[in-house]
Amino acid sequence: AYGQQIEFITYTDLPGVRIVDILNISPTGAFIEGEVFDEGNAPVIAYGMVWSTFEIPNLVNNADFTSEGSGMGSFTSSPAGLISDKTYYIRAYAVNATGTGYGQVNQFTTLPCNLLVADVVEVINPVTGRIWMDRNLGASRAATSLSDEASYGDLYQWGRNNDGHQCRSAHDTSKTVANTSSPNHSDFIVSNDANQNDWLSPHDDNLWQGVNGINNPCPEGFRLPTDAEWEEERQSWNSNNTTGALESPLKLPPAGQRHPYDGFVFDAGYNGRYWSSTVSNSNAHVLYFDFSAVYMSSNFRASGVSVRCIRD
């Protein structure tokens, strides 16, 4: 005896997919064009890019990936949160009922963070008469809101040059404290020594002092502000909080900071810390503000903090 006849199709072919071009490589990402040119013997239900620092990235080895849609045709992906000056391996993938098809592995190297140069646009505070840059070092524009990430910029360790360590993206770290003011690498140097709290040993109070100061990261004619100059600036604000900072002539965003012990970025969008050139024992002074207060504070030199430059 036989039951009712049912027809079905077995699928055996994987999708065909490839990278067409890699464009707009930056310190933290890139723009990738891809194409699903063959669905195989079943509809493509997902496609995108998969990448890692290993030579053969795939969806099962903890590589990062994007998911861009389904079906056939051209698509784009923008891998983000990459580490500056690092080589990544990337390939396109597409999934159908049979499994996952991969394209040929491509590779690209992100740009060093220190190749980015902030545009020098000046702004003057009519109360203090001081001339500043209108944006943080590493930012692509002046702030438009508290959550404007394009205005946050880089996070510098106090006294260190723009050698790439300041890049805000996910970052390589080093536990080896430098013994020179030019470490010759771009790793963020973490300090787990409660008595040190500096990326450099011994401490050097001569860094960042004026336009000709050692490691001055500011453009020509600009320097780090002093503690007193920050204090004068914040006294001209309408309110002593993040709103006052954003509405001031400098439009200071709450860009957060990078932790001195593990290198993680935190508090972005909630509070701001801005380096001064003024030292305080083994620490250095910062302008700090959050939703309820503004004040000058002492901060570990190993922390990653925003820099806003003042004209000399």
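In what follows, every heavy atom counts, from backbone to side chain, and hydrogens, waters and symmetry copies are set aside. All figures in this text were calculated on a predicted structure; none of them were measured in a lab.
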*asked:* Check whether Gln157 reaches the backbone of Ser303 with its side chain - one donor and one acceptor, N or O, closer than 3.5 Å.
replied: no
Flag, side chain of Ser239 to backbone of Gly244, donor-acceptor distance under 3.5 Å = yes
Exercise. Is the number of heavy atoms from other residues, nucleotides or ligands under 6.0 Å of Phe266 CZ greater than 12?
Worked result: yes
message = A quick test of your reading: do over 12 heavy atoms of other residues, nucleotides or ligands sit less than 6.0 Å from CD1 of Ile56?
response = no
Q. Does OH belonging to Tyr270 count more than 12 external heavy atoms closer than 6.0 Å?
A. no
Review point. Given Trp230 and Trp132, is the ring pair (Phe, Tyr, Trp, His ring centres under 6.0 Å) satisfied, shown in steps?
Key: CA-CA 11 Å; Trp230 270 131; Trp132 300 73; 4.8 Å; yes
Separation between OG (Ser236) and CG (Leu250), nearest 0.5 Å, reads 7.5 Å
Q.
Side chains of Tyr261 and Asn197: any donor to acceptor distance under 3.5 Å?
A. yes
Rounded to the nearest 0.5 angstrom, the CD1-CG distance for Ile83 and Asp172 is 4.5 Å
Checklist entry - Side chains of Asp13 and Asn41: donor-acceptor distance under 3.5 Å anywhere? => result yes
Could Arg130 and Glu229 be called an ion pair, given the rule that one side-chain N must be under 4.0 Å from one carboxylate O? yes
Taken in chain and number order and not counting sequence neighbours, the residues that satisfy side-chain contact (heavy atoms from CB on, under 4.5 Å) with Val279 are Trp158, Asp205, Arg301
Distance col, row Asp204:CG vs Gln209:CD, nearest 0.5 angstrom, shows 9.0 Å
| query | Between Ser182 and Asn184, is a side-chain hydrogen bond (donor to acceptor under 3.5 Å, both in side chains) present by the stated rule, with each step listed? | reply | CA-CA 6 Å; Ser182 297; Asn184 294 320; 5.6 Å; no
- Task: For Asn283 and Ser298, test the side chains for any donor-to-acceptor distance below 3.5 angstrom and give the result as yes or no.
- Result: yes
task = Verify the distance criterion only: is there a donor paired with an acceptor across the side chains of Tyr274 and Asn136 at less than 3.5 Å?
result = yes
In Phe75, Phe65, Phe37, the residue satisfying ring-ring contact (aromatic ring centres under 6.0 Å, His included) with Tyr47 is Phe75
- Can you tell me if CG on Asn61 sees more than 12 non-hydrogen neighbours from other groups inside 6.0 Å? yes
Residues pairing under disulfide (SG to SG under 2.5 Å) where one sits in residues 196-260, two or more places apart or in two chains, turn out to be Cys218-Cys309
Here the pair of heavy atoms bringing Pro217 nearest to Leu137 is O-CD1, 3.7 Å
dist Phe108:CZ -> Thr87:OG1 (nearest 0.5 Å) comes out at 9.0 Å
Arg258 to Phe188 six-membered ring, cation-pi geometry met (6.0 Å, 45°)
yes
Checking Thr66 side chain against Met49 main chain: does a donor-acceptor pair fall under 3.5 Å?
yes
Side-chain donor/acceptor of Asn216 to backbone N/O of Asn212, under 3.5 Å: no
Salt bridge (charged side-chain N to carboxylate O under 4.0 Å, His left out) between Asp154 and Arg168, intermediate numbers included: CA-CA 5 Å; Asp154 295 332; Arg168 177 177 287 269; over 6 Å; no
Spell out, yes or no, whether Leu82 and Ile22 are grouped together once hydrophobic residues are joined by side-chain heavy atoms under 4.5 Å, including indirect joins. yes
Please step through side-chain hydrogen bond (donor to acceptor under 3.5 Å, both in side chains) for the pair Glu33 and Thr76, ending with a clear verdict. CA-CA 5 Å; Glu33 296 179 345; Thr76 60; over 6 Å; no
Below 30° counts as parallel, above 60° as perpendicular, anything between as tilted: where do the rings of Tyr156 and Trp208 land? perpendicular
Polar contact flag, side-chain donor to acceptor under 3.5 angstrom, Thr226-Ser276
no
In this structure, CD of Glu122 is separated from CD1 of Ile131 (nearest 0.5 Å) by 5.5 Å
Practice item. Would you indicate whether the side-chain heavy atoms of Arg18 and Gln104 approach each other to under 4.5 Å? Key: no
**Item:** Residues Asn96, Glu39; criterion side-chain hydrogen bond (donor to acceptor under 3.5 Å, both in side chains); working and verdict
**Value:** CA-CA 7 Å; Asn96 67 10; Glu39 285 196 302; over 6 Å; no
*Relative to Tyr102, does Arg91 satisfy both conditions: NZ or CZ under 6.0 angstrom from the six-membered ring centre, and within 45 degrees of the ring's axis?*
yes
In this structure, OG of Ser52 is separated from CG of Asp64 (nearest 0.5 Å) by 8.0 Å
Between Gly101 and Val17, the two heavy atoms sitting closest are O-CG1, 3.6 Å
